[in-house]
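Below is one structure; the comments refer to it alone.
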Amino acid sequence: MNRIGIGYDLHRMVEKESLILGGVTIDYDFGLEGHSDADVLIHALVDALLGAAAMGDIGQHFPSTDERFRGIDSLELLKRVNVMLAGERCQLANADMVVIAEKPKLAPYIDQMRSNIARVLEVPLNRISVKATTTEGLGVCGREEGIAAQAVVMLEKCAPPGPAGHEAK
């Protein structure tokens, strides 16, 4: 059975924070505010993966009210989700992601983002797509108040639904 999931995240740009996207620290004057490392790309991907497996969302599994997750590397959250998916016999067919940011230019970092994600999810690099776009100065991202990301994933070989709509284990 194939399953599709979508994820979205947006964090506010602030001074004196690191800018981390796809597990890559980007040299920039502003970073993202958040409970964890505020990696919007990984957060969108985690939500897409959890959604495809009908396992809730990032806030359910890693709530911002839980101090264990303060400042955590989002790649660690992705690793934990990958273990959860393996337990459901799901594997990633592919992931397609886009970062929405006016600045900084992200092209020099895309290959490392893809490599980080493929490594953590234990899949070939050709299953991971990361792109970047701007909003031509429009909206929150266009005014450089925040950075957003969207992710779409396809999982394959997930456990089929059990009787009465309950997931088989």
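Linking Ile, Leu, Val, Met, Phe, Trp and Tyr whenever their side-chain heavy atoms come within less than 4.5 Å leaves V98 and L41 in two separate clusters. Residues L106 and M13 fall within the same hydrophobic cluster, defined by Ile, Leu, Val, Met, Phe, Trp and Tyr side chains chained together at heavy-atom separations under 4.5 Å. No continuous path of hydrophobic side-chain contacts links L155 to I4 [ILVMFWY only; heavy atoms under 4.5 Å]. One hydrophobic cluster, built from ILVMFWY side chains closer than 4.5 Å, holds both M84 and V120. Hydrophobic clustering (side-chain heavy atoms under 4.5 Å, transitive across Ile, Leu, Val, Met, Phe, Trp, Tyr) groups Y109 together with L75.
The backbone N or O of T135 sits less than 3.5 Å from a side-chain atom of E102, completing a donor-acceptor pair. Between the side chain of D37 and the backbone N or O of S74 there is at least one donor-acceptor pair closer than 3.5 Å. Side-chain N or O atoms of D39 include one that pairs as donor or acceptor with a backbone N or O of G22 at under 3.5 Å.
Taking 4.5 Å as the limit, some side-chain heavy atom of L77 sits within range of a side-chain heavy atom of I72. Side-chain contact between M97 and I128: present, with at least one pair of heavy atoms (C-beta onward) separated by less than 4.5 Å. Between E156 and Q91, some side-chain heavy-atom pair lies under the 4.5 Å cut-off. Counting heavy atoms from C-beta outward, E33 and R12 have side chains that approach closer than 4.5 Å. No side-chain heavy atom of H61 sits less than 4.5 Å from a side-chain heavy atom of V81. When side chains are defined from C-beta on, L45 counts as touching L121, because their heavy atoms get closer than 4.5 Å. Using a 4.5 Å heavy-atom threshold, the side chains of Y28 and K103 count as touching. The shortest distance between side-chain heavy atoms of K79 and N82 does not fall below 4.5 Å.
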Report the C-alpha distance between S129 and N94 in whole Å, list the side-chain angles of each, state the deciding distance to 0.1 Å, and finish with yes or no for side-chain contact (heavy atoms from CB on, under 4.5 Å).
-> CA-CA 8 Å; S129 172; N94 74 299; over 6 Å; no

Please step through side-chain contact (heavy atoms from CB on, under 4.5 Å) for the pair T134 and I100, ending with a clear verdict.
-> CA-CA 5 Å; T134 70; I100 305 155; over 6 Å; no

For M113 and I26, what are the C-alpha separation, side-chain angles and deciding distance, and is it a side-chain contact (heavy atoms from CB on, under 4.5 Å)?
-> CA-CA 11 Å; M113 292 177 197; I26 297 169; 4.1 Å; yes

Going through the distances and angles, do L92 and L49 end up as a side-chain contact (heavy atoms from CB on, under 4.5 Å)?
-> CA-CA 8 Å; L92 181 70; L49 292 166; 3.9 Å; yes

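Across all their heavy atoms, C141 and L10 have their closest contact at SG-CD1, 4.1 Å. When all heavy atoms of A48 and G7 are compared, the pair lying nearest together is CB-N, 3.5 Å. For the pair A38 and H43, the tightest heavy-atom approach, listed with the atom from each and the gap, is CA-CE1, 3.9 Å. When all heavy atoms of A52 and V153 are compared, the closest pair comes out as CB-CG2, 3.9 Å. Of all heavy-atom pairs between I42 and G23, the closest is CG1-N, 4.3 Å. Taking all atoms of both residues into account, the shortest heavy-atom contact from R3 to M1 is CD-SD, 3.6 Å.
Donor-acceptor pairing under 3.5 Å is lacking for the side chains of H35 and T65.
One finds the CG atom of D57 at 5.0 Å from the CG atom of D47 (value rounded to the nearest 0.5 Å). The distance from atom CD of E122 to atom CG of L85, rounded to the nearest 0.5 Å, is 11.0 Å.
K131 pairs by the side chain to side chain donor-acceptor pair (under 3.5 Å) definition with D96, not counting sequence neighbours. Here F62 pairs with F69 under the ring pair (Phe, Tyr, Trp, His ring centres under 6.0 Å) rule; sequence neighbours left out.
Within 6.0 Å of the CZ atom in R127, the count of heavy atoms belonging to other residues, nucleotides or ligands exceeds 12.
Put simply, the residue from V130, N116, L32, I110 that forms a side chain to side chain contact (heavy atoms under 4.5 Å, CB included) with L21 is L32.
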